[in-house]
Protein chains: 2
Amino acid sequence: MAEREVDRSVSQTVKAQLALRDQILSGSLRPGERISELQAVETTGASRTPVRMALVRLEEEGLLEAIPSGGFMVKAFSERDISDSIELRGTLEGLAARFAAERGVSARELEPLKECLAAIDELLRQVPISIDAFSSYVTLNARFHALLTELSRSPPLIRQIDRASALPFASPSAFVMAQSALTEAQQILIIAQEHHRVVIDAIENREGARAEAVMREHARLAVRNLRLALRNRTHLDLLPALALIRTATD
Amino acid sequence: MAEREVDRSVSQTVKAQLALRDQILSGSLRPGERISELQAVETTGASRTPVRMALVRLEEEGLLEAIPSGGFMVKAFSERDISDSIELRGTLEGLAARFAAERGVSARELEPLKECLAAIDELLRQVPISIDAFSSYVTLNARFHALLTELSRSPPLIRQIDRASALPFASPSAFVMAQSALTEAQQILIIAQEHHRVVIDAIENREGARAEAVMREHARLAVRNLRLALRNRTHLDLLPALALIRTATD
DNA sequence: TGCATACGTTATGTATACAATAGCGGGGAG
DNA sequence: CTCCCCGCTATTGTATACATAACGTATGCA
């Protein structure tokens, strides 16, 4: 271990996990490909023990699959898997929105969400939206959804939604992007923004059923757009997550 | 490792995971208590590496919580956490039922579910139900729910439901039991059985919305019964899972 | 020529040794 | 008497050595 550079600021396990996840999502490791521990040790700089812990975590996270005879391989997802995951996440977010509405949320708690909303409005104002602005949108959208989830005040639900979001394709906005050119995508984002606005309103007025319904519709919109996107296959380069789709069988 | 008895039929990691889960659910390890690796090594018979892997898996499973300064502790759950988890699971099962209904299921696939149903009917016929019969019921009920989940044909959803069920309190029937004496519990089981029957019927007739609704109602019933059960505190000895409730704050 | 078996290589599963850190207890000083 | 600091101990994080099983290849026999 003479030349091994050890970064003590973060644990080796976390470092390995991040590095491996990166490799998977960037496509360096292809779906179905077996992950060699030895190779992972070389590329991550950690030793076998933390690498193995990282592999276990990534398996639980859903990115890897255990091979019966031993070791792990990168999981492959069908288009159906991905659209189901989006709907799944939407269903859970719907529950979160309902919990938030039923349990009551103070105006102060809604503040950050409204700020988020305003920031997104600002981004969507420019037509056509720029790539940079779109990238900001993705971040803000993720923030909005995370904040919304928090409003449920339900740790088990929040945890589960995190898990469902772990697979990167759970970010609906990225798929919207895939659909077509930016100007067309923007129209869809504007509809999505409308959903965001409605869910806030429903929560404010403590209308649980409406809050839930709109989040589910929100996900259904994302699924429809994913379908279209995969037909068109434009801007797919913006979607590292789609590198995980390799299976033809559905 | 002279005296170490190694059972080569299952991996040490799995063995350790099962043993630790058992200790947690049986209450040998109390919520909030730190799990010592060394101690776990002694009680499980595996060495530190597989024990650590097991701990990571149990953390991902939700039974353990990582301590910032290192190590793991047994997670504690509030009553709210548990009822939310039941509702969460019911929501996911509702989605599964809807998928099954919408995507279509052959009569042959429904066969095992109907057998399960019949077996449960048989058990419920004797009044009052015996403890043994109740125990069989728990098994059969779990089987029914697992089969139903499978019908969705959606690997991501199935996976997520498994995760949501990992926490043992997700088994609604066990909570029903907690409510009161067996004869009273039996009445509730009969209602639950009616739900089972309706969901099968809805799936057969491809009524997605109805299938989903009944599963959610099924979960809501379980939540109501949990609330009652915790007021009455009878038969709690049948509920090892409740050993996980320790927090007074909700 | 093709298949089966045996051997070797390689990778994973397991165990343990080593390193570092956090928590605790004791002792000293204010 | 109390509080703070230093050092020790116990426990986790990391690295590596060892065991074992699987896969591939080569060789021999049918």
Side-chain angles (χ1 to χ4, degrees), chain A residues 1-21 23-24 28-61 63-75, chain B residues 1-21 23-24 28-61 63-75:
Chain A
M1 72 173 185
E3 76 249 83
R4 194 186 291 283
E5 276 303 321
V6 181
D7 177 5
R8 303 223 171 279
S9 65
V10 299
S11 80
Q12 298 293 83
T13 303
V14 170
K15 193 179 76 174
Q17 189 176 351
L18 293 176
L20 286 172
R21 180 157 37 204
Q23 289 179 35
I24 295 167
S28 310
L29 297 165
R30 309 185 86 90
E33 188 175 340
R34 184 188 196 126
I35 281 196
S36 154
E37 275 186 16
L38 193 64
Q39 183 185 326
V41 163
E42 282 171 12
T43 59
T44 63
S47 74
R48 277 190 65 209
T49 305
V51 160
R52 281 179 72 78
M53 306 234 315
L55 290 174
V56 168
R57 288 207 144 91
L58 289 168
E59 184 206 355
E60 300 286 336
E61 202 170 299
L63 285 176
L64 297 181
E65 199 172 350
I67 300 172
S69 65
F72 299 92
M73 54 178 267
V74 180
K75 212 160 168 176
Chain B
M1 69 175 185
E3 76 249 84
R4 194 186 290 284
E5 276 304 319
V6 181
D7 177 5
R8 303 223 170 279
S9 66
V10 299
S11 81
Q12 297 293 83
T13 303
V14 170
K15 193 179 75 177
Q17 189 176 352
L18 293 176
L20 286 172
R21 180 159 36 204
Q23 288 180 36
I24 295 167
S28 311
L29 297 165
R30 309 184 86 91
E33 186 176 343
R34 184 188 195 125
I35 282 196
S36 154
E37 277 185 15
L38 193 64
Q39 183 185 326
V41 163
E42 282 171 12
T43 58
T44 64
S47 73
R48 277 189 64 210
T49 305
V51 161
R52 281 180 71 80
M53 307 231 319
L55 291 173
V56 168
R57 286 207 146 91
L58 289 168
E59 183 205 357
E60 300 287 336
E61 202 170 298
L63 286 176
L64 297 181
E65 200 173 350
I67 300 172
S69 66
F72 299 92
M73 54 177 267
V74 180
K75 212 160 168 176

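First the proteins, then the strands, lettered A, B, ... as listed; each starts at 1.
- One interatomic measurement links the two molecules: CG of B/Leu64 to P of D/dT12, which rounds to 12 Å at whole-angstrom precision.
- Using a 4.5 Å heavy-atom cutoff, the side chains of A/Val74 and A/Arg30 are not in contact.
- Rounded to an integer number of Å, the gap from B/Gln12 CD to D/dA19 P is 16 Å.
- A straight line from CG of A/Leu55 to P of C/dT12 spans 9 Å, rounded to a whole angstrom.
- Distance, A/Phe72 CZ to C/dA11 C1': 13 Å, rounded to whole Å.
- B/Gln39 is listed as a side-chain neighbour of B/Leu29, based on a closest heavy-atom distance under 4.5 Å.
- Summarising the geometry, the separation between CZ on B/Arg52 and P on C/dG13 is reported as 17 Å, rounded to the nearest angstrom.
- The separation between A/Lys15 atom NZ and D/dG13 atom P is 16 Å, rounded to whole Å.
- Remark on DNA chain D: of its neighbouring residues B/Gly71 and A/Arg34, the 5'-side contact belongs to B/Gly71, judged by nearest-heavy-atom nucleotide.
- When each of B/Arg48 and B/Met53 is assigned the nucleotide of DNA chain C with its nearest heavy atom, B/Met53 is the one assigned upstream, toward the 5' end.
- For the atom pair B/Gln17 CD and B/Glu61 CD, the distance stands at 5.5 Å (nearest 0.5 Å).
- A sub-4.0 Å separation between OP1 or OP2 of C/dT14 and a side-chain N or O of B/Thr49 is absent.
- Atoms NZ and CG, from A/Lys75 and A/Leu58 in turn, are 12.0 Å apart once rounded to the nearest 0.5 Å.
- The CG-P distance, from A/Leu38 to D/dC18, rounds to 17 Å in whole Å.
- The A/Pro50 side chain lies nearest to D/dA15 when the options are D/dT16, D/dA15, D/dT12.
- B/Gln23 is listed as a side-chain neighbour of B/Leu20, based on a closest heavy-atom distance under 4.5 Å.
- One atom, CD of B/Glu42, and another, C1' of C/dA15, lie 15 Å apart when rounded to the nearest Å.
- Listed candidates were D/dT12, D/dT14, C/dT14. Nearest to the side chain of B/Ser11 is C/dT14.
- Across all strands shown, A/Ile35 has heavy atoms under 4.0 Å from sugar-phosphate atoms exclusively, and none from any base.
- Donor-acceptor pairing under 3.5 Å, judged by distance alone, is absent between the side chain of A/Ser69 and the base of D/dA22.
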